[in-house]
Each structure stands twice: as C-alpha cells, then as structure tokens.
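Quick notes on the structure that follows.
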Amino acid sequence: MGTTAPSTDGPATAGPSVARFDPFAGPPHLHGAQRVGVRPGTELIHPLAATGARPLRFEVTGLPDGLHVDAEGIVRGRAPAEAGTHRLEVSVANAEGRAHDVVELVVGEALCLTPPLGWNSWNVYGAEVSAEVIVRTAEAMVATGLRDLGYQYVNIDDHWHAPRRARDGAPLAHPERFPDGIEPVARRVHQLGLKLGIYSDAAHLTCGRCFGGLGHEQVDARAYAAWGVDLLKYDYCFAPSSGAEARARYGAMGDALRATDRSIVLSVCEWGFRRPWRWAPEVGGALWRTTPDIFDTFSWSPFGVRHIARRNLRLADHAGPGRWNDPDMLLVGNRGRGASTGVLRLPNQLPAPLRGRRIWRFRGLSDHQVHSHVTLWAMMAAPLLASHDLAASSELDLALLTNPEVLAIDQDPLGAQARKVRAPLGLWQLAKPLRDGGVAISVTNLTRMRRRATVRIDRVAGAGHGPVPTSGRWHVRDAWEMRSLGERRQVEVDLAGHGSTLVVCRPA
Ligand code: GAL
C-alpha cells in the first residue's frame with residue numbers, strides 16, 4: 001500500500017495518483033460482497049475475500065448446516081432448502097492481526113445482491129477463447145489477489161461452441177479450443193473458489209454466428225447446470241426488435257435456468273434498446289446491458305466511455321441489490337489492442353462480403369481516461385468485469401482493479417447507483433449514498449484541460465438522493481490514494497484533462 005503507480009505519460013502530465021494495495025502483505029482485511037444471494041438447496045461456492053500476509057486463518061460462525069469453510073476461506077456446500085437470511089460472523093487472522101466482518105447469506109431467488117465482480121473473455125480474446133485461456137485467467141485471478149478482493153466470475157463469452165449441436169440437440173463445446181468440454185473447466189474454476197460464466201443468444205445464432213439458444217432453452221439450461229455453470233450472458237443478435245418478444249425470449253431462458261438445481265445468474269444483453277431495466281428483473285435477469293458494446297475510446301461516440309457513462313447514469317433509479325445496470329466490461333489493460341475493443345467492424349448480421357470488415361482502429365485510453373472509467377463504473381455500482389490478459393497486467397492495471405476502497409464503493413450493500421448531481425462546465429459531480437450513512441463523491445473532468453474546482457460536500461451529498469443530516473462537517477477520505485483528508489466542509493480538486501477524483505465522506 002502507499003506507492004503510486006507509475007505514469008506512462010512522463011512528468012509534464014503525471015499519471016493518476018492511485019495507491020497500489022498489496023493483497024498479500026500486512027494485517028488481514030475482509031473485502032467483497034457483504035450480502036450474498038443463493039437459491040434454496042443449490043450449490044454455493046463463495047470465497048470470503050480476505051487480504052493480508054499469508055497464512056490467513058478463517059473462523060466463521062452462523063453457517064447453516066450443509067455449508068463449511070475450507071482452509072482458503074471458501075464457503076462451500078449446499079444452501080439450505082428454506083428461504084431465509086443467515087448472519088455469518090467472519091473472522092480472519094494472521095501474524096499481524098485480526099479482522100472481523102458480517103456477511104449476510106440470503107437464501108432466496110435473488111442473486112448478485114452486490115454487482116458481480118470478475119472477468120469476461122470478449123474484449124481481449126474475441127473468437128480466440130479457449131479452455132486454456134479460461135483456466136489461465138482463473139489462476140491469474142488468484143495469483144494477482146483479485147479473488148481475495150472479491151472478484152469471482154470468470155466468464156466465457158461468444159465462440160466457445162462447436163460448429164453444431166449434438167444430434168439430440170445438446171450443446172457442444174468447440175472440439176479444439178475446449179477439447180474436454182466445459183465441465184472440467186468449471187471444475188478447475190470452482191476448485192479455485194471462483195465461478196464460471198457462459199454465453200448464448202436468444203435466437204438461432206449468436207452474434208458470432210455460433211448456435212443460439214432459441215427453442216433449446218431447457219436442454220441448454222440443463223447442460224449448463226450439469227457442467228457447473230454459474231452465470232449465463234444471453235445476447236440478442238438475430239432476434240426480432242419487438243420488446244414483447246425480447247421479454248418472452250429472456251423469460252423462457254430465465255424459467256429454464258430456475259428449473260435447474262444451480263444458482264445461475266441471468267445476464268441480459270440486448271444493449272438497452274428495449275428498456276430492459278423495466279422488465280429484466282421480472283424475467284430473472286440480475287443485470288442488463290444498458291448500452292451498445294464498449295470500445296477502447298473515451299469519446300462521445302455511442303461506443304465511447306463518456307457516452308456510455310452518460311446514458312447509464314440516467315438509469316440510477318433502476319439499480320439495486322439483485323438488479324444492476326450494466327454499462328459493459330472494463331477496458332483496463334486493453335490499450336487499444338483488445339481483439340474486440342481495439343477495432344470496430346461491420347456487424348455479423350450483414351451479408352458475407354461486408355460482415356466483419358474493419359472500419360476503425362482505436363488507440364486505447366490514456367492513464368487518466370482509464371482511471372476515470374473505473375471511477376465512473378464503481379460509482380455507478382456497475383458489474384466490474386475486467387477483460388484483459390490478467391497475467392500481463394501492468395502496475396497501473398492492478399492498482400485500478402485492486403483498490404479495496406474503490407471496490408467497497410462499488411460493492412456497497414445499499415446498492416445505490418450514483419447520480420449526476422452537478423456538471424458545471426464539463427465537471428461531472430456524482431454522489432452515491434453508502435449503507436453506513438456516508439456518501440461517495442466523484443468529480444470527473446470531461447475536458448482536455450486541467451481544471452480546479454471546490455466541491456461543497458453538503459451540496460453534492462444531499463442532492464439527488466434526498467437531504468443528508470449533517471453538521472456540515474465530514475470526515476473525508478481519498479479512496480484512490482487510500483488516505484484521510486481530515487475533517488472538512490469542502491474538497492478542492494485539481495484534475496488533469498479527463499482525470500477524476502473519488503472521495504468518501506462520512507458525517508463528522
Ligand atoms: C455482443 C455483446 C458483446 C459480446 C459479443 C459476442 O452483442 O454485446 O458483449 O458478447 O456480442 O459476439
């Protein structure tokens with residue numbers, strides 16, 4: 001903790017000031033979801049995310065019958081058959097100290113009571129996803145400490161499929177890229193205490209023209225459950241534009257998933273075109289994309305970070321525990337080179353000579369832009385799905401993904417999405433109320449010029465989410481720098497072009 005990630009921009013435009021937290025050193029800390037949803041009677045694999053010098057010793061009281069904690073702090077077993085809430089008192093100790101926390105295990109139909117944290121293959125690997133990539137990524141999630149900070153999902157996106165289904169209609173994985181199928185991949189991911197996601201589409205083809213799920217919902221859901229899948233991203237290429245039809249198709253898959261004996265999260269991906277925030281929760285969706293695919297640019301174009309954030313911010317009312325707006329994956333570590341995010345291609349729905357043609361290449365985000373991207377996503381209580389080669393992460397990539405105070409803002413159990421409170425001259429001021437009565441405030445400079453501003457905390461904290469009772473004085477912490485700024489009424493910010501700052505304020 002306490003070092004500043006190196007800037008690649010040189011001294012004239014110093015990089016973002018972010019602490020680099022070491023997940024394997026110091027006294028123990030607990031992180032990750034404080035409220036965990038699981039369906040009655042289904043398998044639970046949940047790492048009690050903890051950092052600190054190893055070895056760590058875990059003790060948990062309040063676990064219902066059927067569940068135990070292994071030596072690595074992973075809760076395993078079968079959830080109770082009855083709905084209800086179990087309060088787990090978690091304690092973790094090492095040679096330097098001890099930490100306590102309470103995790104609520106909520107047995108019921110709602111999953112993802114905090115936004116899912118994890119990784120997805122699409123941005124970086126595109127059609128080149130394989131068993132080897134997935135297992136290597138899961139291992140890197142452990143080796144980098146991401147799992148110990150609460151990241152859990154390792155999601156296979158499009159192109160895991162064989163050229164066609166089995167004769168009986170069962171789904172099959174690609175014989176070369178997944179030579180032993182999905183099941184051994186899931187087993188390895190589970191061994192590591194992580195969860196496996198997969199991908200399909202509510203039509204006869206996926207966006208990559210692999211077989212889709214329409215008409216095969218039951219057989220697919222049963223296969224996914226038998227393989228050990230924990231999340232399904234269900235896309236909408238080659239499907240009709242009607243909202244009622246989309247709802248019916250997602251509903252059919254939601255029902256099929258609920259009829260299995262696993263807790264499988266349904267991630268709705270129709271890009272926000274049919275207002276899924278209005279119907280996705282009813283059909284079993286725990287998250288839904290609100291925008292078209294993200295590409296590696298900060299621009300105002302429909303696939304740029306700023307535009308996506310602006311659209312997603314308007315949907316704050318619809319987010320909450322078990323129901324998340326999803327502004328798409330993180331571009332951290334892509335640097336313009338992601339197979340899917342570095343180049344813009346013509347859609348696969350077009351006829352053969354046009355389809356897939358490259359029409360644009362992106363340079364990628366600057367260090368300040370990627371810092372603002374993660375800041376905005378954490379404030380919006382967005383699912384945080386990294387999508388780069390984790391093992392090749394730079395110091396800045398890791399600093400951005402492993403900051404426990406920023407992750408705690410995203411994972412706050414109240415589940416409120418930040419609102420844009422003020423935006424004077426291109427400075428977005430966002431406020432996100434936290435369960436403990438505090439409020440996270442971010443300021444993002446949307447201009448290219450360096451900007452200074454004074455943020456009056458009462459004015460931002462109260463607006464948009466109702467009045468905040470305070471004496472006007474706040475304990476303020478800089479979340480990225482992980483240091484206290486003392487007791488204050490206001491915060492002075494000095495932002496590089498496209499830079500951000502993020503503070504947590506608690507009534508003094
Ligand atoms: C898109 C989706 C992307 C990715 C891709 C795969 O529709 O938005 O996130 O899944 O399909 O082909």
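Atoms within each ligand, like the ligands themselves, are counted from 1 in listed order.
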Tell me, please, which residues at least two apart from Thr402 pass side chain to side chain donor-acceptor pair (under 3.5 Å). none
Consider only side-chain N and O atoms of His318 and Trp288, and report whether a donor and an acceptor are under 3.5 Å apart. no
List, ordered by chain and residue number, the protein residues whose closest non-hydrogen atom lies under 4.0 Å from any atom of ligand 1. Trp122, Asp157, Asp158, Tyr199, Cys207, Gly208, Lys233, Asp235, Cys269, Trp271, Arg289, Asp293, Met329
Taking all heavy atoms of Ala386 and all of Leu401, pick out the closest pair and write down the distance. CB-CD1, 4.2 Å
Report yes if the side chains of His161 and Asp158 come closer than 4.5 Å at any heavy-atom pair, otherwise no. yes
Residue pair Tyr224 / Leu232: nearest heavy atoms and the distance that separates them: CE1-CD1, 3.7 Å
Judged by modelled atom types alone, do His388 and Ser393 share a side-chain donor-acceptor pair under 3.5 Å? yes
